[in-house]
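Data block below; observations after.
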Amino acid sequence: MASQKLTCFDCGQVNRVPTKKLDAGPKCGTCGSKLISGKVVEVDLATLEKAARNDDVPLVVDFWAPWCGPCRQMAPQYQAAASELAGQARLVKLNTEDHPQAGAKYRIRGIPTMAAFSGGREKARQSGAMPSAMIVNWIRSSV
């Protein structure tokens, strides 16, 4: 049976989930948190690095900051995209104000910036606020 690796955003454990069960709300074998919820999750740099390196399901990160007006405007659109893409991609946010080293590591020049990871590599990057339909289309065409 084919399986997919998913990093738990709560405890950092890498889990193997049967591909057929990705739509069934799989939970972490260690802490019981949902691995695919259709909701945007706030992550730290260590969790992002681990998930980007290990996960088989595409991972999209929104680099943002609370003082950024376009970031705040895009937040509900990003959440709507996460709901629509549940099971196909996992969408997370990383606050560059709380984790400035992430901005340097990923060469973030402006926010909001989204980066899509698949197969352990960054596949695409997009800067600027977008509506949910454009986010969904960008993700589907990028990973």
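- With contacts defined as side-chain heavy-atom distances shorter than 4.5 Å, the pair L85/R140 qualifies.
- In this structure, the side chain of D55 engages the main chain of T7 through a donor-acceptor pair within 3.5 Å.
- Heavy atoms only, all atoms of each residue included: R72 and P66 are closest at NH1-O, 2.9 Å.
- No chain of hydrophobic side-chain contacts below 4.5 Å, direct or via other Ile, Leu, Val, Met, Phe, Trp or Tyr residues, connects V57 to W138.
- Side-chain atoms of N15 come within 3.5 Å of backbone N or O of Q13 as a donor-acceptor pair.
- No donor-acceptor distance shorter than 3.5 angstrom exists from the side chain of R53 to the backbone of R121, with no hydrogens or angles considered.
- Note that CD of Q4 is 12.0 Å distant from CG of L35, once rounded to the nearest 0.5 Å.
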Run the side-chain contact (heavy atoms from CB on, under 4.5 Å) check on N95 and E42 step by step: do they pass? CA-CA 8 Å; N95 183 334; E42 184 81 30; 3.3 Å; yes
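- Here the closest non-hydrogen pair linking K123 and S142 is CB-O, 3.6 Å.
- Contact annotation: the side chain of C8 never approaches that of T30 to less than 4.5 Å [non-hydrogen atoms, C-beta and beyond].
- Contact between E122 and R125 at its shortest, heavy atoms only, is OE2-NE, 2.8 Å.
- Residue D56 comes nearest to S3 through the heavy atom pair OD2-O, 4.2 Å, listed as atom of the first residue, atom of the second, then distance.
- Annotation: K50, atom NZ; neighbour count of heavy atoms from other residues, nucleotides and ligands within 6.0 Å is above 12.
- Side-chain contact between T113 and Q126: absent, with no pair of heavy atoms (C-beta onward) separated by less than 4.5 Å.
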Would you sort out whether M74 and Q79 count as a side-chain contact (heavy atoms from CB on, under 4.5 Å), showing the intermediate values? CA-CA 9 Å; M74 190 175 87; Q79 177 55 59; over 6 Å; no
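- C68 places a side-chain heavy atom less than 4.5 Å from the side chain of P112.
- Members clustered with V61: F9, V41, V43, L45, L48, L59, F63, W67, V92, L94, Y106, I108, I111, F117, by chain and number, using a 4.5 Å side-chain heavy-atom cutoff among hydrophobic residues.
- There is no path of hydrophobic side-chain contacts, each under 4.5 Å, that joins L91 to L22.
- Using a 4.5 Å cut-off on side-chain heavy atoms (C-beta onward), K34 and P26 make no contact.
- Between W64 and E97, every side-chain heavy-atom pair lies at or beyond the 4.5 Å cut-off.
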Go through C28 and C11 one step at a time and tell me if the side-chain contact (heavy atoms from CB on, under 4.5 Å) criterion holds. CA-CA 9 Å; C28 176; C11 72; 3.6 Å; yes
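- The shortest heavy-atom contact between S132 and Q77 is N-OE1, 2.9 Å.
- Listed by first and then second residue, the ring-ring contact (aromatic ring centres under 6.0 Å, His included) pairs that reach into residues 14-34 come to none, sequence neighbours excluded.
- In terms of heavy atoms, D10 sits closest to C31 at CB-SG, 4.1 Å.
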